[in-house]
Amino acid sequence: MNSLLSPQTLELLAPAKDLECGIAAIDHGADAVYIGAERFGARAAVGNSTDDIRQLCDYARPFGVKIYVTVNTIVYDDELEATRQLIWQLYEAGVDAILVQDMGILKMELPPIALHASTQTDNRSAEKVRWLRDVGFSRVVLARELSASEIADIHREVPNVELEAFVHGALCVSYSGQCYASQYCFRRSANRGECAQFCRMKFDLLDADGKLIVNDRYLLSLKDMNRIDRLQQLADAGVVSFKIEGRLKGMDYVKNVTAAYSEQLNAIVRSHPDRYQRASRGYCKYTFKPNLDKTFNRGYTHYFLDGHPLSPQGRNDCKEPEIACFDTPKSMGEFVGTVKELRRDSFNVAGLSIFSNGDGLCFLDPNGQLQGFRVNKVEGNRLFPHQMPRGLRPGLRLFRNNDQDFDRLLSKPSAERKIPLQLRLNAVPDGFSLSAEGYEVTLPADHQQAQKSQQENIVRQLSKLGGTPYECIGVELPADFNYFIPSSQLATLRRHLVEQMLNSKSTFHPITHGRIPETKNAFSTPPFIEKYGTAGQHLSNIANHLACSFYGVSSPKAFEIHQQPEAVLMQCRHCLRYSLGHCVKHGGSRPSWIEPLYLRLGDGRRFRLEFDCKKCQMNVYAEVY
């Protein structure tokens with residue numbers, strides 16, 4: 001890399017369900033935080049007042065941490081004015097950017113705030129990313145399904161837009177913004193933040209003749225993403241922001257995952273200081289060692305970062321390096337050993353793990369059902385459950401999904417983030433000045449020559465920065481500085497300098513988004529109509545008259561407004577033909593079943609599957625009876 005170029009900035013983007021989680025994310029190393037406002041965020045269960053968001057912006061500013069707010073639901077006509085007012089309020093609160101799905105928002109009179117295209121806008125091609133850039137977005141949140149190679153291709157073709165990619169957390173089986181199963185089955189729209197988690201339900205898999213292929217399994221439930229060992233690969237592909245999923249998750253998740261990824265990014269920067277730098281300031285000290293296995297997870301996967309997993313498996317029991325886990329959608333936690341010997345009221349474990357009273361353990365019983373229990377007493381590697389669980393057998397793999405000692409550490413203050421300051425004290429004609437990082441304050445005072453060195457007291461008094469984001473790493477004095485300054489005056493100088501730095505708005509640089517061209521653009525006709533016909537018009541999520549104007553259509557087409565018969569409900573890169581070992585394209589055996597295949601819920605409703613092998617995509621359709 002040319003040494004004259006500035007290092008690439010790496011941003012760790014952490015979730016926050018509320019103000020407290022947002023502050024914890026910053027304290028544990030986030031460079032940016034995304035949070036929902038009172039309405040119109042894609043997690044209807046969590047919302048925050050503008051005042052709380054303003055407080056979060058104020059807390060973030062000294063560290064140079066950015067605050068992004070999700071305004072990424074589709075919006076109905078009677079909500080447009082409230083949406084516009086909310087965006088202005090967020091801008092005035094100091095928010096750095098908003099995440100948007102509904103293109104009607106771009107037809108509003110907006111403040112000069114940066115616009116990020118939410119992953120809900122289905123961003124999986126260079127063509128789409130280029131269009132989003134052209135209509136005014138400064139950043140695009142990529143589809144989770146993209147490989148590193150596909151991301152690199154997008155960056156190469158559209159280099160002048162920021163790319164954000166998910167690196168950790170729960171996975172939706174459908175391309176984001178293209179899932180209508182929850183709305184179809186339960187009248188709860190994923191595009192309105194009300195997903196009912198259709199993909200975490202049990203299904204039967206049937207062929208065209210009604211033959212049962214798979215019975216009562218979680219066929220659409222994916223493992224959780226974990227790309228902590230692939231951050232440099234993503235950075236090299238052009239990603240500038242590494243996003244942790246989890247705006248519904250608790251404080252312990254935010255602390256642990258943010259700290260783990262922050263330490264990994266720091267290690268990359270230390271190894272390549274000429275190539276990379278962090279996007280914010282300050283360093284963190286932790287009271288715990290981050291461990292991703294101890295936080296809620298359904299088993300981990302790189303997802304499609306390398307393309308498809310190398311070898312399809314006929315079964316999937318959470319031990320194989322696949323993307324799905326058909327046995328359970330619940331958290332398995334960390335592997336802690338195998339069951340060795342059972343007694344009437346206890347058993348011992350073969351392994352090196354240390355257990356504590358109150359730990360939560362689980363295992364898959366011989367029938368493939370997840371069983372969980374609480375440890376009542378621990379004697380070395382012998383565990384005494386409150387009640388011996390059914391199905392426990394020697395040789396079973398044991399997992400811990402609740403670690404009492406770890407949770408106890410995270411329940412307390414567990415990190416401190418400080419900005420190192422080098423202070424400079426000088427004599428000026430009418431008194432003294434104190435400066436740091438381009439800020440300076442002066443205090444009128446007499447110049448009294450000191451009879452003995454004052455350096456020790458000066459350093460001690462100016463270093464008292466407790467209760468602020470700053471930490472003094474040194475005080476510079478001119479070589480001929482030999483003045484007596486009362487401790488009270490030193491404290492006043494220190495306090496005024498800190499106040500000036502904290503009250504500065506210099507780190508808030510809103511970006512004026514591009515204005516929407518009045519001429520017809522490349523995507524003025526809703527995409528996907530060519531493939532899916534009239535039934536595919538809902539895929540552009542047009543829910544209000546401003547979005548109609550933007551796209552040049554006559555009336556709203558959103559599935560939530562006009563439910564189409566036999567509509568495509570999901571578009572998935574996860575493919576059951578592949579997962580069951582029958583994708584001939586990727587080395588599987590030719591299946592004996594007769595297609596089309598159907599998913600069947602416990603209540604009997606069926607959903608037709610279509611395998612689009614050219615796109616490596618499985619589509620799920622509503623069935624018309």
Side-chain angles (χ1 to χ4, degrees), residues 169-170 197 199-203 215-219 221-224 226 246 248-257 288-301 315-320 322 324-412 602:
Q197 295 198 309
C199 58
R200 304 298 180 188
M201 296 179 176
K202 280 187 174 183
F203 296 94
N215 179 47
D216 203 28
R217 304 291 296 280
Y218 298 97
L219 296 177
S221 183
L222 302 185
K223 296 180 180 182
D224 287 359
N226 180 348
L248 292 177
K249 298 291 177 62
M251 185 83 76
D252 56 347
Y253 174 93
V254 171
K255 288 181 174 183
N256 185 34
V257 178
F288 69 102
K289 183 175 177 56
N291 184 339
L292 295 176
D293 289 334
K294 293 182 180 295
T295 289
F296 181 100
N297 69 85
R298 302 175 176 90
Y300 285 132
T301 173
R315 66 189 184 93
N316 205 319
D317 60 1
C318 296
K319 298 190 291 291
E320 303 296 341
E322 300 292 327
C325 182
F326 293 170
D327 289 308
T328 178
K330 297 180 180 179
S331 176
M332 295 284 287
E334 60 177 329
F335 172 68
V336 290
T338 57
V339 179
K340 189 174 180 182
E341 176 213 2
L342 274 70
R343 297 181 184 173
R344 181 183 59 83
D345 60 351
S346 65
F347 65 96
N348 60 7
V349 180
L352 300 177
S353 299
I354 298 174
F355 300 92
S356 299
N357 296 346
D359 280 355
L361 304 179
C362 61
F363 63 94
L364 290 170
D365 67 20
N367 297 319
Q369 299 298 310
L370 185 69
Q371 303 291 342
F373 61 95
R374 186 76 66 176
V375 176
N376 194 43
K377 185 175 67 171
V378 176
E379 293 181 357
N381 68 340
R382 179 158 291 277
L383 308 183
F384 294 78
H386 178 69
Q387 183 176 353
M388 285 292 284
R390 296 180 180 179
L392 194 66
R393 299 287 186 273
L396 285 179
R397 291 163 57 87
L398 199 63
F399 298 83
R400 175 164 50 197
N401 53 16
N402 187 272
D403 186 321
Q404 282 291 97
D405 287 344
F406 193 72
D407 291 350
R408 199 173 292 117
L409 282 173
L410 292 181
S411 68
K412 303 173 183 177

Residue that, paired with Leu370, satisfies side-chain contact (heavy atoms from CB on, under 4.5 Å) out of Asp365, Asn401, Asp327, Thr328:
Thr328

Nearest-0.5 Å distance that lies between atom SG in Cys362 and atom CZ in Arg400:
11.0 Å

With rounding to the nearest 0.5 Å, note down the distance linking CG in Asp405 to CG in Leu410.
11.5 Å

Nearest-0.5 Å distance, CD of residue Glu334 to CG of residue Asp403
6.0 Å

What distance do Asp224 atom CG and Thr301 atom OG1 have between them, rounded to the nearest 0.5 Å?
9.5 Å

Shortest non-hydrogen contact from Lys289 toward Phe406
O-CE1, 3.6 Å

Does Asp359 pair with Arg374 as a salt bridge, N-O distance under 4.0 Å?
no

Are Leu383 and Phe373 packed together at the side-chain level, in the sense that at least one heavy-atom pair is separated by less than 4.5 angstrom?
no

Do NZ/NE/NH1/NH2 and the carboxylate oxygens of Arg382 and Glu341 come within less than 4.0 Å?
yes

Got Phe347 and Pro385 here, is their nearest side-chain heavy-atom distance under 4.5 Å?
yes

If you compare all heavy atoms of Leu219 against all heavy atoms of Phe203, which two are closest, and at what distance to 0.1 Å?
CD1-O, 4.0 Å

What heavy-atom pair brings Cys325 and Arg298 nearest, and what distance separates the two atoms?
CB-O, 4.3 Å

Decide side chain to side chain contact (heavy atoms under 4.5 Å, CB included) for Val375 and Phe355; before the verdict, give the C-alpha distance in whole Å, the side-chain angles of both, and the deciding distance to 0.1 Å.
CA-CA 9 Å; Val375 176; Phe355 300 92; 5.5 Å; no

Just so I know, are the side chains of Gln371 and Leu392 near enough to count as touching, which here means a heavy-atom distance under 4.5 Å?
no

Return the minimal non-hydrogen interatomic distance between Gly333 and Phe399, and the atom names on each side.
O-CD2, 3.9 Å

Is atom NZ of Lys202 surrounded by more than 12 heavy atoms (other residues, nucleotides or ligands) closer than 6.0 Å?
yes

Would Val349 and Thr338 satisfy side chain to side chain contact (heavy atoms under 4.5 Å, CB included), going step by step from the backbone distance to the final call?
CA-CA 6 Å; Val349 180; Thr338 57; over 6 Å; no

Does the side chain to side chain contact (heavy atoms under 4.5 Å, CB included) test come out yes or no for Phe363 and Val339, once each step is laid out?
CA-CA 10 Å; Phe363 63 94; Val339 179; over 6 Å; no

State plainly whether the residues Lys255 and Asp252 are in salt-bridge range, i.e. N to O under 4.0 Å.
no

Main-chain N/O of Asn291 paired to Asn256 side chain as donor or acceptor, under 3.5 Å:
yes

Using 0.5 Å steps for rounding, measure from the NZ atom of Lys412 to the CZ atom of Phe288.
13.5 Å

Side chains of Leu292 and Val257 in contact at under 4.5 Å (non-hydrogen atoms)
yes

Rounded to the nearest 0.5 Å, what separation is found between the NZ atom of Lys377 and the CZ atom of Phe384?
4.5 Å

Within a reach of under 6.0 Å around CG of Leu342, are more than 12 heavy atoms found that belong to other residues, nucleotides or ligands?
yes

Please report the shortest heavy-atom distance between Arg393 and Pro366, naming the atom on each side.
CG-CG, 4.4 Å

Looking at side-chain heavy atoms only, is the closest gap between Asp293 and Tyr300 below 4.5 Å?
yes

